[in-house]
Amino acid sequence: MRREAVMVRVRFAPSPTGYLHVGGARTALFNWLFARHSQGTFILRIEDTDRTRSTEESIDQIVEAMRWLGLDWDEYCRQTDHSDAHQVAAESLLDADLAYEHEGAWWFRVPKEGQTVVHDELLGDVSFQNEQLKDFAIRRSDGTFVYNFAVVVDDADAGITHVIRGDDHLNNTPKQIFLYHALGRPLPRFGHLPMILGPDRTRLSKRHGVTSVLEYRRRGLLPGAMVNFLARLGWSHGDQEIFTREELVSLFSLESIGSSSAVFEEGKLRWLNQQHMKAADPTRLAHEVRPFLLERGGVTEAVWDAAGEERLARGVALLRDRSGTLVDLAEVMTILFPLPLSAEEKVALDAEKRDLVRAVIAAFEPVDPFTPEAVERAMREALDERGAKLKDVAQVCRIAVTGRSVGPSLFDTLAVVGRDLVLGRLQAALAGATA
RNA sequence: GGUCCCGUCGUCUAGCGGCCCAGGAUAUCGGGCUCUCAUCCCGAAAACACGGGUUCGAAUCCCGUCGGGACCA
């Protein structure tokens, strides 16, 4: 029993003329998943031949976005490194009379009859009548090479086995096939992915709002959630919605990619992000929110570190249920730190409630350790003695301690905020109400 | 305009001839849980673009129409 040892080699080839957008990211992801699934090689090739529009800044942004998504590459190169190879290949076509010069540009001779069929891994066989195709330029009069020519030379030289890209390139494929043949290079397999569209069903672009991958990082999305979301745009595995990166790698296959285009809508992304936050290890998640809390200004590194890893993890575990993003989580996590509360609600205290709050304070003072169970016991006892119900003070305490009327279980909240902060804030509420 | 691709709930999708008067998820609405909100649980509404075939039987195969998209001009 022998298996043919075809090492998969795929690439993602963005042009550095802007940030990495979600469409490009999905193409990169599918290539990456395919490579990792088949233990092949994933190459990042920057198509920077268009000197006037390519920028170093774009390259940095793309690289950063790829890193954030966790799409690591095994080889890296730039198209401009291959200019010599393009020249040599183009001259060979000229020498063989497969191309000719006309008004300074070099043109490839397209056969006038027969048909060319693309054996697409996703679409099946797609036929083109050669007579429909016209001769096309491979080198411009200024000496630069045309896209369709450069990619073929690059892919052939890199030994790319599968060209997986957006189906906006499907119509270019027969031309590229001619070039592979003319150059005497083996044909790779092709797989054309359906496009991602905006809500108006046209090709996704900047005017559709946020499409930059890094913008989603800024908004507090987890890369794992983004990857999960992008993968599900076109790819599926039965009814499963939530996937870890590892599951994606092991389950991925080209056959399970759909053939119709998908509309990019963020609705599910937020839900998916929450699911990933809920599933995350609290300590790791705490690490992920950290920059968002530091950004808010109030929390310094010293304040953060003083809070303690264990307590922060507990806070994260408690507060993440009502947070769709790291930004939301950071917002509510501020209650854990000894900082002034951004009170969204005012504490409303009448004489009766003031007495209850005083009683609660007194009951909390000796509680040690300040666990949810101990807090609940102390509070209920104090209330029972006065014939009061939890309802009577729960919201008052919540607002006094968190500045908000919504949040997790009161006892859990109080426990994680800690006795000192809780007592201080309850006192402050009494003082404020007196004034 | 030419060529090519695509067409299942608003959106992402399952479905690869009978398991489908179409399943899941999200979003929406209603209910439950509860110290609040959220999570969570339960429920409702919501789709096979249309018309012809093929077949005992079609969302699934074929043809046409319409619609959308992309590429090239």
Side-chain angles (χ1 to χ4, degrees), chain A residues 23 26 110 115-118 120 122-137 146-148 165-176 190 192-205 228-243 255-275 277-279 317-324 328-329 332 344-345 356 360 372 375-376 379-380 383 388-399 401-402 404-414:
Chain A
R26 194 193 55 156
V110 172
Q115 61 172 16
T116 299
V117 3
V118 177
D120 194 279
L122 302 174
L123 301 171
D125 288 358
V126 183
S127 316
F128 296 84
Q129 295 304 316
N130 291 345
E131 60 182 349
Q132 301 283 354
L133 277 9
K134 299 181 188 125
D135 289 0
F136 58 93
V146 170
Y147 171 80
N148 280 320
R165 71 225 309 190
D167 71 8
D168 46 338
H169 286 110
L170 182 59
N171 287 312
N172 283 328
T173 309
K175 297 179 187 175
Q176 295 180 9
F190 293 97
H192 288 94
L193 269 14
M195 302 261 79
I196 294 183
L197 274 22
D200 62 354
R201 313 214 69 120
T202 65
R203 186 191 184 134
L204 196 63
S205 72
N228 189 161
F229 181 71
L230 255 19
R232 284 290 286 102
L233 234 41
W235 176 85
S236 63
H237 182 257
D239 286 340
Q240 189 172 345
E241 296 287 349
I242 300 168
F243 298 86
E255 296 79 65
S256 332
I257 298 176
S259 48
S260 57
S261 45
V263 171
F264 181 81
E265 284 205 341
E266 293 178 23
K268 214 164 175 174
L269 179 54
R270 193 181 165 85
W271 170 79
L272 214 39
N273 195 60
Q274 187 167 39
Q275 298 302 313
M277 292 213 306
K278 280 158 59 102
L318 185 63
L319 296 167
R320 61 177 159 187
D321 275 354
R322 43 195 62 61
S323 308
D328 298 343
L329 182 55
V332 296
E344 292 171 3
E345 304 273 340
L356 290 175
V360 167
V375 168
E376 175 163 10
M379 195 160 181
R380 288 201 190 275
L383 294 174
K389 289 263 173 25
L390 180 59
K391 262 192 174 113
D392 300 333
V393 278
Q395 280 305 80
V396 168
C397 289
R398 180 191 305 286
I399 294 169
V401 173
T402 68
R404 297 173 176 77
S405 60
V406 301
S409 154
L410 181 61
F411 310 118
D412 290 336
T413 306
L414 297 180

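Below, read A as the first sequence line, B as the second, and so on, with proteins coming before strands; counting in each chain starts at 1.
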Watson-Crick or G-U counterpart of [N], or none if no pair lies under 3.5 Å:
| N | answer |
| --- | --- |
| B/rA25 | B/rU11 |
| B/rU36 | none |
| B/rC71 | B/rG2 |
| B/rC20 | none |
| B/rG64 | B/rC50 |

Near RNA chain B, which residues from residues 406-414 of chain A have a heavy atom under 4.0 Å away?
A/Val406, A/Gly407, A/Pro408, A/Ser409, A/Leu410, A/Phe411

Could you work out the separation of [N] and [M] based on their [atom1] atoms and round it to a whole Å?
| N | M | atom1 | result |
| --- | --- | --- | --- |
| B/rG18 | B/rA58 | P | 11 Å |
| B/rA22 | B/rC66 | C1' | 24 Å |
| B/rU8 | B/rA14 | C1' | 10 Å |
| B/rG52 | B/rA46 | P | 25 Å |
| B/rU13 | B/rG7 | P | 11 Å |
| B/rC61 | B/rG24 | C1' | 26 Å |
| B/rG15 | B/rC20 | P | 15 Å |
| B/rC48 | B/rA59 | C1' | 4 Å |

[X] [atom1] to [N] [atom2]: how many Å, rounded?
| X | N | atom1 | atom2 | answer |
| --- | --- | --- | --- | --- |
| A/Ile196 | B/rC5 | CD1 | C1' | 16 Å |
| A/Ile242 | B/rU13 | CD1 | P | 17 Å |
| A/Ile257 | B/rC5 | CD1 | C1' | 15 Å |
| A/Ile399 | B/rU36 | CD1 | C1' | 9 Å |
| A/Gln115 | B/rU3 | CD | C1' | 14 Å |
| A/Arg322 | B/rC40 | CZ | P | 11 Å |
| A/Leu193 | B/rC5 | CG | P | 16 Å |
| A/Glu266 | B/rC12 | CD | P | 14 Å |

Less than 3.5 Å apart, which donor and acceptor atoms pair up between the side chains of residues 263-270 of chain A and the rest of the protein, not counting sequence neighbours?
residue: A/Glu266; atom: OE1; partner: A/Arg219; partner atom: NH1; Å: 3.4
residue: A/Glu266; atom: OE2; partner: A/Tyr216; partner atom: OH; Å: 2.8
residue: A/Lys268; atom: NZ; partner: A/Glu241; partner atom: OE1; Å: 3.3
residue: A/Arg270; atom: NH2; partner: A/Asp328; partner atom: OD2; Å: 2.5

Considering only residues two or more places apart or on different chains, which pairs with a residue in residues 390-399 of chain A satisfy salt bridge (charged side-chain N to carboxylate O under 4.0 Å, His left out)?
none

The criterion is side chain to side chain donor-acceptor pair (under 3.5 Å); which residues satisfy it with A/Asn228, sequence neighbours excluded?
A/His276

Expected string for nucleotides 18-32 of chain B under the B/S/- scheme (protein heavy atoms, under 4.0 Å, primed atoms plus P, OP1, OP2 as sugar-phosphate) is -----BBBS------

Given protein heavy atoms under 4.0 Å, the one-letter contact record of nucleotides 67-73 of chain B, with B base, S sugar-phosphate only and - none, is simply -SSBB--

Could you point out which residue of A/Asn171, A/Asp120, A/Asp168 forms a side-chain hydrogen bond (donor to acceptor under 3.5 Å, both in side chains) with A/His192?
A/Asp120

Determine the contact category for [X]: base if any of its heavy atoms lies under 4.0 Å from a base atom, sugar-phosphate if only primed atoms, P, OP1 or OP2 are that close, otherwise nothing.
| X | answer |
| --- | --- |
| A/Ser259 | sugar-phosphate |
| A/Phe128 | sugar-phosphate |
| A/Gly234 | sugar-phosphate |

Would A/Asn148 and A/Gln176 satisfy side chain to side chain donor-acceptor pair (under 3.5 Å), going step by step from the backbone distance to the final call?
CA-CA 6 Å; A/Asn148 280 320; A/Gln176 295 180 9; 2.9 Å; yes

